[in-house]
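Report on the following structure.
All heavy atoms count here, side chains included; hydrogens, waters and symmetry mates do not.
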Amino acid sequence: MRVLLLLLACLPQLTAADPARDARWQQDLDTIATQLPVLHPNLFFQTPRSVFNQAVSDLRNAIPQLSDPEVLVGMARIVALPGDGHTNLYLTQAGASFHVLPLNLRWFEDGFFITAAGTDYPRAVGARVLRIGDRSIEDAYQSIASIVSHENDSWVRDFSPTYLIVTEIL
């Protein structure tokens, strides 16, 4: 059996001080923080409002030190807090400027495998993924679970391969 260790240079992107950029992100965050409780019929059915508010506050304070992708991931984490599979912030939507690895991945009973790869990596197909960077696949999966809105593990299992090939999310 072939085994592939997926090694990534996932260094944080540095941002220059830009108060206008930070204000725009904070405005987007305010929209999430005010509109989700208004529009959702029961946003705090699993997560207390205080936890939601603290996550919003923490992200607001961190925005000046975060790259744009890190802010988006933080927003996805906040939207996922309620544990409602119908309330989502999809990070891979059209227009997102993420870098996607030329791979398709899939969970099987016996592990996580590469099912397709770009033309530069044909030998990767069929390889089992054991690590992503310095993290085990289980640790990477748990990190992804915190940004995928879900009510049960099956949605994370189905959706995680999409995020586990995006370098900025990793």
Side-chain angles (χ1 to χ4, degrees), residues 5-101 103 105 112 129 131-153 155-170:
L5 299 178
L6 205 51
L7 301 174
L8 304 174
C10 297
L11 300 175
Q13 299 174 0
L14 300 177
T15 58
D18 184 352
R21 169 216 173 251
D22 298 347
R24 287 188 303 272
W25 278 124
Q26 289 167 343
Q27 184 178 16
D28 289 343
L29 180 59
D30 288 344
T31 299
I32 290 171
T34 58
Q35 292 302 304
L36 268 181
V38 169
L39 298 173
H40 195 285
N42 190 10
L43 189 67
F44 304 109
F45 73 104
Q46 287 190 40
T47 302
R49 182 182 289 267
S50 60
V51 171
F52 179 85
N53 290 343
Q54 185 63 54
V56 169
S57 177
D58 291 348
L59 182 57
R60 169 181 286 292
N61 294 333
I63 285 173
Q65 291 79 43
L66 299 177
S67 67
D68 290 347
E70 289 170 325
V71 175
L72 282 169
V73 169
M75 288 182 177
R77 187 170 285 111
I78 289 168
V79 172
L81 276 174
D84 175 6
H86 300 283
T87 304
N88 300 289
L89 175 59
Y90 291 108
L91 296 173
T92 54
Q93 59 191 302
S97 59
F98 290 126
H99 298 94
V100 179
L101 298 172
L103 301 170
L105 306 171
F112 195 51
V129 179
R131 302 189 70 74
I132 296 179
D134 62 350
R135 302 179 87 178
S136 71
I137 193 60
E138 293 81 14
D139 287 345
Y141 175 81
Q142 289 305 316
S143 293
I144 294 300
S146 73
I147 63 171
V148 174
S149 297
H150 64 283
E151 297 165 15
N152 57 55
D153 194 55
W155 181 242
V156 180
R157 192 63 83 178
D158 286 345
F159 199 76
S160 61
T162 303
Y163 282 179
L164 288 168
I165 59 171
V166 179
T167 60
E168 292 84 356
I169 293 173
L170 294 170

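- Inter-residue side-chain proximity for D68 and W25 is flagged as met; some heavy-atom pair is nearer than 4.5 Å.
- Looking at heavy atoms from C-beta onward, E168 lies out of side-chain contact with S67 at the 4.5 angstrom threshold.
- Residues D84 and F45 are in side-chain contact: their nearest non-hydrogen atoms beyond the backbone lie under 4.5 Å apart.
- Contact detail for S149 and A80: the closest heavy-atom pair is OG-CA, 3.3 Å.
- The aromatic ring centroids of Y90 and F159 lie less than 6.0 Å from each other.
- At least one side-chain heavy atom of N61 sits less than 4.5 Å from a side-chain heavy atom of S57.
- Partners of Y141 under the ring pair (Phe, Tyr, Trp, His ring centres under 6.0 Å) rule, at least two apart in sequence or in another chain, are W107.
- Taking all atoms of both residues into account, the shortest heavy-atom contact from S146 to S143 is OG-O, 2.7 Å.
- Atom NE2 of H150 sits about 11.5 Å away from atom CZ of R157, to the nearest 0.5 Å.
- For the side-chain contact (heavy atoms from CB on, under 4.5 Å) with I78, the lone residue among I32, T47, I147 that qualifies is I32.
- Between I137 atom CD1 and I144 atom CD1 the span is 9.0 Å, to the nearest 0.5 Å.
- For A140 against I132, the heavy-atom pair with the smallest separation is CB-CD1, 4.3 Å.
- What you find for V79 and T87 is that their closest heavy atoms are CG1-O, 3.7 Å.
- L66 approaches R21 most closely through the heavy-atom pair O-NH2, 2.6 Å.
- With rounding to the nearest 0.5 angstrom, the CZ atom of R131 is 9.0 Å from the CD atom of E138.
- Heavy-atom contacts from other residues, nucleotides or ligands closer than 6.0 Å to CD of Q35 number more than 12.
- To the nearest 0.5 angstrom, S50 atom OG is 9.0 Å from F44 atom CZ.
- To the nearest 0.5 Å, atoms CG (L39) and OG1 (T34) are separated by 8.5 Å.
- For the residue pair P37 and F52, the shortest heavy atom distance occurs at CG-CE2, 4.3 Å.
- Between L29 atom CG and I63 atom CD1 the span is 5.0 Å, to the nearest 0.5 Å.
- With a 4.5 Å cut-off on side-chain heavy atoms, R77 and D58 do not count as touching.
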